[in-house]
Each structure stands twice: as C-alpha cells, then as structure tokens.
Amino acid sequence: MISEEMLKKAAAEADQAIRNSLPAPADCKHEFSPSFQRKMRRIFRKANHPVFYQLPKYAACFVLVVALAGGTWLTVDVEARAAFFAWVREKYEAFVEYRFIGEAPQESEIVDYELAWLPEGFSFQKEQSLGNSSYLTYANDSGQRILFSYLQGDDATSLFMMADYTEVQSVQIGNVKADFYQASQETSPNGLVWVSEEENMCFCITASLPKDTILKLAEGVQKNNQ
C-alpha cells in the first residue's frame, strides 16, 4: 500500500524534476509584434463586444512560470485539485486579454446563464455559442444593446477587451472583484468583466449604460434551469 509519506516524497521529487527542466523565467518573456497589435486593433474597432478565441499554446513559457509559482503548493498538498487553473489578466497596447490556463473541473452537465433583471424596455433577442463560450443579446426599441457573455474555463480560452477605455476601475459584485471599463466616448459601450468564486467561469457585460446599471445587471446573473 502506498502511504501518504511516500506520495509526498514522490511529489517532491517530481516537482524538483519539473523545476530543473524548465527555462529560466527571464527567458519566457513574450511580446506581440506591432503588426499583430495593429491587426487586433482593427478587428476590435469593427465590433462593440468582447471576442472569444480558442488560442494555440503560444504562451507556453508563461504557463511554465505560473507552474513554478505553484510548485511548493503541489509538493505540500498531494491530494490537491487534479489540475492547477486560473484566469489571468494581461494588458497590451491594443487590447486586454483574460486568459484561462490549466484545466478546470468540468460540470457534470452544461450550465447556462442569463440576466435575471433588465432595465425597462429591454428584452432578450438571441443567444449564440462558440465551443465553451456563449453570448446573449438584449435590446430595446431604440436599438440599444446589452451583450452578456460567459466562458467556461478551458485550456487556452481567452476573452479580449478593447484597450481604448479612459480608465479601468476595480469594483465589487457580491464577494467577487470585477474590472469596470469606462468607455472613452459616450456612444461606446462600457464593459464589466469578472470571474466566478470557483474561478472556472468568466463573465462579461458590455452596454452603453451607466456603471450602476451594469453592476445591477451583473448582480442579477443567474443559472438558467430551463
């Protein structure tokens, strides 16, 4: 029978072997080329909502650096989660990226979400899905839109937000911290991005509405049991 002490020793040895095989953190810096950033800027200007991507593992070095940071925890807690995972935020010249790294526990069944509260005059219009990502559109008779997006954490899943905002504010949604993006122009939509308490879901709301209204929308997000 394999004892807990034996497991801890094996984990420590594996942890050290991984550390020895990894490149130095200084060698893992990655910068997007000016050409790539210009292309991304053009894409974002054509849309007023966040964009989902299933990205190739171009950030392997970055993931390895994070693995190093979690190495001690893995050594101490042998019976820890099956995988280390997290949403990370990175800001570039043309956009802000929320990237999921690792492999989150999968739900036993597909979970859908919806906005339980809407401003007067708004109603549900349509829902679109792309892999493990979905976005719902709500609108009023004046043509104003609310886009509610949610992504289930999966390796190399990213959500991109345009970087042409006047400021990014840290706000609170219940027990969860969120990033509020104040648009640079009144005609542009404001944005709100946050991660679930379990850290396996990322949510986003974009709309040309005041901050207080968008926060109220986020507080009303609920699972759709239909």
Side-chain angles (χ1 to χ4, degrees), residues 43-53 86-89 91 95-100 104 107 109-154 157-226:
I43 291 173
F44 291 133
R45 285 174 177 171
K46 293 179 181 179
N48 62 350
H49 56 76
V51 183
F52 303 132
Y53 282 94
W87 286 92
V88 295
R89 178 184 183 275
K91 187 178 186 303
F95 56 89
V96 176
E97 178 188 10
Y98 291 84
R99 182 196 312 146
F100 188 85
E107 297 277 0
E109 59 182 31
I110 298 176
V111 178
D112 295 322
Y113 292 85
E114 63 181 356
L115 299 180
W117 175 84
L118 293 172
E120 185 176 355
F122 281 86
S123 61
F124 172 76
Q125 298 295 309
K126 64 179 179 179
E127 178 177 0
Q128 294 176 285
S129 297
L130 176 63
N132 60 337
S133 308
S134 299
Y135 63 91
L136 286 69
T137 302
Y138 303 82
N140 62 13
D141 293 338
S142 300
Q144 284 185 295
R145 296 195 306 166
I146 299 171
L147 182 67
F148 168 52
S149 317
Y150 58 91
L151 301 77
Q152 182 174 345
D154 193 9
T157 295
S158 286
L159 179 145
F160 293 90
M161 296 290 291
M162 293 182 297
D164 58 343
Y165 289 84
T166 57
E167 61 176 323
V168 181
Q169 305 170 16
S170 180
V171 296
Q172 200 80 12
I173 304 173
N175 299 322
V176 176
K177 289 185 178 181
D179 296 327
F180 179 77
Y181 292 81
Q182 181 67 52
S184 56
Q185 300 179 5
E186 291 185 3
T187 55
S188 300
N190 296 318
L192 182 68
V193 179
W194 73 101
V195 175
S196 64
E197 291 189 66
E198 298 80 10
E199 297 186 353
N200 63 330
M201 299 291 299
C202 182
F203 300 93
C204 176
I205 295 176
T206 56
S208 297
L209 295 170
K211 180 174 73 173
D212 291 346
T213 303
I214 293 179
L215 286 174
K216 188 173 181 179
L217 286 167
E219 291 168 353
V221 169
Q222 66 178 18
K223 293 182 179 179
N224 185 347
N225 297 318
Q226 294 183 355

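Residue numbers run from 1 in the order of the sequence given.
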Quick one: closest heavy-atom pair of [X] and [Y], and the distance?
X: Trp194; Y: Ala178; answer: CB-CB, 3.5 Å
X: Ala183; Y: Ser188; answer: CB-O, 3.5 Å
X: Cys202; Y: Val193; answer: SG-CG1, 3.9 Å
X: Glu114; Y: Lys223; answer: OE2-O, 4.5 Å
X: Ser158; Y: Glu97; answer: OG-OE2, 2.6 Å
X: Ser123; Y: Leu118; answer: CA-CD1, 4.1 Å

Say you draw a straight line from [atom1] of [X] to [atom2] of [Y]; how long is it, rounded to the nearest 0.5 Å?
X: Ser134; Y: Tyr113; atom1: OG; atom2: OH; result: 11.0 Å
X: Tyr150; Y: Met201; atom1: OH; atom2: CE; result: 7.0 Å
X: Leu159; Y: Phe100; atom1: CG; atom2: CZ; result: 13.5 Å
X: Gln128; Y: Ser149; atom1: CD; atom2: OG; result: 10.5 Å
X: Glu219; Y: Ile214; atom1: CD; atom2: CD1; result: 12.5 Å
X: Ile205; Y: Phe180; atom1: CD1; atom2: CZ; result: 10.5 Å

Determine, stepwise, if the pair Leu192 / Val171 fulfils side chain to side chain contact (heavy atoms under 4.5 Å, CB included). CA-CA 9 Å; Leu192 182 68; Val171 296; 3.7 Å; yes
Test item: [X] side-chain N/O and [Y] main-chain N/O as donor-acceptor pair under 3.5 Å:
X: Thr137; Y: Gln125; result: no
X: Asn190; Y: Leu209; result: yes
X: Asn224; Y: Asp112; result: no

In terms of relative ring orientation, are Phe148 and Phe203 parallel, tilted or perpendicular, with 30° and 60° separating the classes? parallel
Once you measure the plane-to-plane angle for Phe160 and Phe95, does it fall in the parallel (<30°), tilted (30-60°) or perpendicular (>60°) bin? perpendicular
When you look at Ser196 and Val176, which way does the side chain to side chain contact (heavy atoms under 4.5 Å, CB included) test go after all the steps? CA-CA 7 Å; Ser196 64; Val176 176; over 6 Å; no
Contacts of Asp179 meeting side chain to side chain donor-acceptor pair (under 3.5 Å) (sequence neighbours excluded), chain-then-number -> Arg89, Tyr98
Could you give me the CA-CA distance, side-chain angles and deciding distance for Gln152 and Val111, then say whether side chain to side chain contact (heavy atoms under 4.5 Å, CB included) is met? CA-CA 9 Å; Gln152 182 174 345; Val111 178; over 6 Å; no
Min side-chain heavy-atom separation Leu115-Leu136 under 4.5 Å: no
Could you check whether any side-chain heavy atom of Gln144 comes within less than 4.5 Å of a side-chain heavy atom of Pro119, counting everything from C-beta outward? no
For Asn132 and Leu151: C-alpha separation, side-chain torsions, deciding distance, then whether side chain to side chain contact (heavy atoms under 4.5 Å, CB included) applies. CA-CA 6 Å; Asn132 60 337; Leu151 301 77; 5.6 Å; no
For Tyr138, the ring-ring contact (aromatic ring centres under 6.0 Å, His included) test, sequence neighbours excluded, returns Phe124
